[in-house]
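Let me begin by presenting the structure, written as structure tokens, before commenting on it.
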Amino acid sequence: MAKATAQKKAKRAAPKRTQLVYAFGKKTDGNGTMKALLGGKGANLAEMSRIGLPVPPGFTITTEVCIDFDKNNHSFPAGLEKEVEKAIKDIERQGGKKFGDAKNPLLFSVRSGARDSMPGMMDTILNLGLNDKTVEALAAKSNNPRFAYDCYRRFIQMYGDVVMGVQPEDEHAHEPFDEVMEGLKKEVGVKEDTDLTTEHLKELISRYKALIKKKTGASFPQDVFKQLYGSVGAVFKSWNNDRAILYRRKYKIPHEWGTAVNVQAMVFGNSGDTSATGVAFTRDPATGENVIYGEYLINAQGEDVVAGVRTPHTISKLDEEMPQAYKELLEIRKKLEKHFKDMQDFEFTVEDNHFYMLQTRNGKRTGLAAIRIATEMVKQRLIDWKTAVTRIPPESISSLLVPIFDMDARKKVAVIGSGLPAGPGAASGKIVFSADDAERLSDKGERVVLCRVETSPEDLRGMLASEGILTSRGGVSSHAALVARQMGKVCVCGADGIVIDYRRKTLTAGSVTLKEFDDISIDGTTGEVFAGYVPTAPSEVNQVLAGKLKADKSYTYQIFDQVMKWADRARKLNIRTNSDTPLQATQAIALGAEGIGLCRTEHMFFDGDRITSMREMIIAQNDKDRQSALKKLLPHQRSDFAGLFKAMKGYPVTIRLLDPPLHEFLPHDDTSIRALAEKLEIPQETIVERVKALHEQNPMLGHRGCRLGITYPEITEMQARAIFEAAAQVMKLKNAPKVEPEIMVPLVGYPGELKNQVDIIHRVAAEVMEKKKVKIDYLVGTMIEVPRAALVADQIADTAEFFSFGTNDLTQTTLGMSRDDSGNFLRIYQNLEILPANPFASVDTGGVGELMRIAVEKGRKSRKKIKLGICGEHGGDPDSVKFCHEIGLNYVSCSPNRVPVARLAAAQAALGA
Ligand code: ADP
Ligand code: MG
Ligand code: MG
């Protein structure tokens, strides 16, 4: 015991690491796992050196030195210079060149490199070590004076800019070095930088020096060590420049990490026509195809390739231009993947036909590429299936499921505006402004895009009939977005640059005005809106699932299927779907759903003539009238439920009793009120009065949820009857599937509320079973969607056989924040970092999540086998799925299209990724 403590102490008191500088090249101190100390770039330069790739030698000054430098008033720690000088000596010995030597000078690049790649930090300084003497040596040695002086002027420019601070005075001013260059070019009458002769470059150099002197009062340093330490200090300081701080804040990179500095011997891609510089990926990062991908420029240096001054060649052309280097490139590609076991994004330079590696890292890729690369790497035995599963961002699965634009056709139409990408995929069709028109035209076989300022439940039919939905108002959690996600519809919402005028029937974006029935296209993946028609096709995966394409004809489907099989092997959570119709349910099953976690019965009341009966029920002044209206609704509900039970093929179905405030079902404008009055043969005033009476100040917290069923028990009774009669009916079919209704009471806060509703359900169940002579296995349970329910979950679990977390309302009621009104301030909150993420998209684990934990614990305490699930929108959010796994839920439920995403997220949670 005493010994263990002593050891611990010794560990904590261990002296700070003493090594400040790590060499790479022939002799390498570090390795690829040391990213925290050496930065990503430094660690991988070391790793590449270790596996024998041609890396120009150099050394990395650690991130710890950066932190120390920061703390100590921008001074270097004792001992740094000694280590640096020793490292330089080693490099000199390896290559025969000497730093600052007037005959055979060694030049360096100085490069920043944080743990994670961080654009916004210091620009790389190249050609360090050139001065008035060494430049002559380089000119003589290379037999190419123009090259030498070009390197020198580039170095002075970079050094003057990033180390000495010769920069534009304000954002309107030109780059001062560029101005000098342009001035000279004009004077001597040349257009391109490359047209400047050696003599011109010498003149440019002296003007650059004069500029530095004028702006800073100091001279450009001729001492190469002064150049070196000046540059290293500048890299360290750049860790705290505004751009870098902003970037870290945005991507949540801790300020304490610091950056490393890499000092590396220069190789020259700009020393003639047998030299080049380039960037490449070991596979195609867009499609994932297993081919080398990249570009290069002959006779170029540094960022020329990405700077866009000259157009680079695609990498395959290197085969013709430098066959030897190309062969080496392909060898290196193989080695990189074999070693790093992931697709690499690398930078290289060819000097006089010799190939050098300057950087490598795991490459960024599209969703499609992530899936393809992971599955193919398993096939190649580079990685195992579990690694593959953890490598694919769950979200990327959805890119395999959405309809796609024909890319060539898309290029030919104009982008007229943009909104939030709320439902991924591509949609194209005629503009319609109302649900009626949407239905009417689509019945005739037309493709339509429903364009609304915003949508309401009354638009649902129209949304269903449309290829896509465009709204000019509302965020990613608006009604349109929500429904679009559930129905898997393409949706662009909140396109606030677009004006929709219902009266004139026009849609205006800037100078473009489109009329009703004009063609429009929307891209719900990017949020773009196009004028004109762009052909689309359903995703291959959906074509296979719908039986329209053979699996062996679609590679996309095969990799999708493979990933899903692996995910199912790993995951512990069950995945259910939120579906209200047999069609949605069938789609969800095809996508892997194992039950319905939420069937919203109210959606069933909007179809066709049912809304009239529903309205009749609401308008009813007495029980008798209400009963008679409910009687008309009963057969509709029963057949809907029967359809669902059949479609679900034995999987459980959770049905939620009526939830929304009744006024949502009533007509609000004069025309629809008049129409309803005629249909029901009652005076218009009666309807107007009823609408008024049902008006609520705060419907979200008003007469809704189980409060409806408690005040109008006949509604609950009708719904329960419809459910049980449907169950009985399906159970009597030939080859009947198992039927397992789970009846869910919404918005419960008091145990008594649930008890009240459950008594009705049990009574009706007994009646139906008695009458139909069947035994129906069913469960009764509740949503947990107000904080009180979570806090008294043990008492509620006395009655409830399952809980389903309704995290949409639970978030609203826990935060006291209306989802539909949060658009005005949530974004500002996120910018100010008050909130880490949108709590309506990703479970607020600290608050809402804590209530969920309490409910799980209390629920299980009073009913050990209680079934626990989630049915809020969060059920399809990967982070939330992981959270649900952690707190031990049995299942998550999400919209059909999110099912594959949830399967993958659940697998990753189980694999601890
Ligand atoms: P970034 O992080 O912005 O990519 P780098 O440190 O990788 O910056 O440097 C940018 C470019 O500078 C490299 O892609 C390479 O072309 C060039 N470069 C860096 N070090 C050297 C070197 N030792 N020799 C030749 N070119 C170099
Ligand atoms: Mg750069
Ligand atoms: Mg780089």
Side-chain angles (χ1 to χ4, degrees), residues 23-25 35 38-46 48-49 53-61 87-88 91 94-95 97 99 105-130 138 142 147 150-151 154-155 157-159 161-162 228 231-232 234-235 238-239 241 243-244 247 259-272 275-281 294-310 312 315 344-352 354-364:
F24 59 84
K35 295 201 168 64
L38 304 180
K41 202 180 287 169
N44 272 353
L45 283 167
M48 285 196 291
S49 307
L53 292 179
V55 177
F59 54 89
T60 305
I61 307 176
I88 292 177
I91 297 167
Q94 284 175 43
K97 293 180 184 173
F99 190 43
L106 173 62
L107 304 187
F108 285 121
S109 70
V110 175
R111 322 167 64 186
S112 62
R115 198 185 296 193
D116 279 350
S117 132
M118 246 181 71
M121 298 239 328
M122 195 200 72
D123 291 318
T124 299
I125 293 179
L126 301 178
N127 312 320
L128 185 140
L130 282 176
L138 184 64
S142 64
F147 152 73
D150 192 47
C151 285
R154 285 174 190 247
F155 172 48
Q157 181 169 353
M158 283 192 210
Y159 193 91
D161 174 357
V162 300
L228 179 62
S231 302
V232 173
V235 173
S238 76
W239 176 252
N241 72 26
R243 275 188 303 171
Y247 185 88
T259 178
V261 182
N262 300 290
V263 178
Q264 185 179 32
M266 282 299 298
V267 284
F268 298 99
N270 55 337
S271 59
S275 301
T277 186
V279 294
F281 290 81
E295 49 192 23
Y296 69 98
L297 268 176
I298 298 242
N299 197 6
Q301 183 173 59
E303 315 270 38
D304 293 356
V305 179
V306 275
V309 202
R310 282 156 61 195
I315 201 87
Q344 295 295 296
D345 161 3
F346 62 97
E347 299 177 4
F348 64 89
T349 282
V350 181
E351 180 183 296
D352 200 13
H354 289 294
F355 199 98
Y356 294 97
M357 287 296 291
L358 294 176
Q359 183 176 332
T360 193
R361 61 183 164 207
N362 294 339
K364 296 243 181 326

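On a predicted model such as this, the values are computed, not experimentally measured, just so you know. Every number for a ligand or one of its atoms is a count from 1 in the order of the listing.
- Glu347 contributes OE1 and Gln359 contributes OE1; the angle these two atoms make at the Mg ion (ligand 3) is 90°, rounded to 10°.
- Close approach of ligand 1 to Lys41 is summarised as follows: ligand atoms under 4.0 Å from at least one heavy atom of the residue are 1 (P), 2 (O), 5 (P), 6 (O), 7 (O), 8 (O).
- On a distance-only criterion, Ser112 and ligand 1 share no N/O pair closer than 3.5 Å.
- The closest non-hydrogen atom to atom 18 (N) of ligand 1, taken over Val55, Ile125, Leu126, comes from Leu126.
- Nearest heavy atom pair, residue Thr259 against residue Ala114, reads OG1-N, 3.5 Å.
- Of the inter-residue distances, the one linking Leu138 atom CG with Asn127 atom CG reads 8.5 Å to the nearest 0.5 angstrom.
- Close approach of ligand 1 to Thr277 is summarised as follows: ligand atoms under 4.0 Å from at least one heavy atom of the residue are 16 (O).
- Exactly one of Thr124, Val162, Val110 qualifies for a side chain to side chain contact (heavy atoms under 4.5 Å, CB included) with Ser231. That residue is Val110.
- Remark: distances from the non-hydrogen atoms of Ala265 to ligand 1 include one below 4.0 Å.
- For ligand 1 and Gln264, the ligand atoms under 4.0 Å from any heavy atom of the residue are 20 (N), 23 (N).
- Once rounded to the nearest 0.5 Å, the distance linking CD of Gln359 with OG1 of Thr349 reads 11.0 Å.
- Residues Phe108 and Ala265 approach most closely at CD2-N, 3.5 Å, considering heavy atoms.
- When distances to the Mg ion (ligand 3) are checked against a cut-off of 2.8 Å, Thr124 contributes no N, O or S atom below that limit.
- The shortest separation from a heavy atom of Gln301 to ligand 1 is not under 4.0 Å, leaving the residue out of contact.
- Considering backbone and side-chain atoms together, Glu347 places an N or O closer than 3.5 Å to an N or O of ligand 1.
- Both the backbone and the side chain of Met266 come within 4.0 Å of ligand 1, counting heavy atoms alone.
- With atom 8 (O) of ligand 1 as the reference point, the heavy atom nearest to it among Thr124, Leu107, Val263, Leu45 is part of Thr124.
- In terms of heavy-atom proximity, Ser271 sits nearest to Glu351 at OG-CG, 4.0 Å.
- Without hydrogens or angle criteria, Asn44 side chain to Thr360 main chain gives a donor-acceptor distance under 3.5 Å.
- Set against the non-hydrogen atoms of Arg111, the atoms of ligand 1 under 4.0 Å away are 5 (P), 6 (O), 7 (O), 9 (O), 19 (C), 20 (N).
- Across all non-hydrogen atoms, the minimal contact from Ser117 to Tyr247 is O-OH, 3.8 Å.
- Taking every non-hydrogen atom of Gly302 and a distance limit under 4.0 Å, the qualifying atoms of ligand 1 come out as 12 (O), 16 (O), 17 (C).
- Among Pro56, Ser109, Gly113, Gly278, the residue whose heavy atom sits closest to atom 21 (C) of ligand 1 is Ser109.
- Between Leu358 and Pro56, the closest heavy-atom pair is CD2-CG, 3.8 Å.
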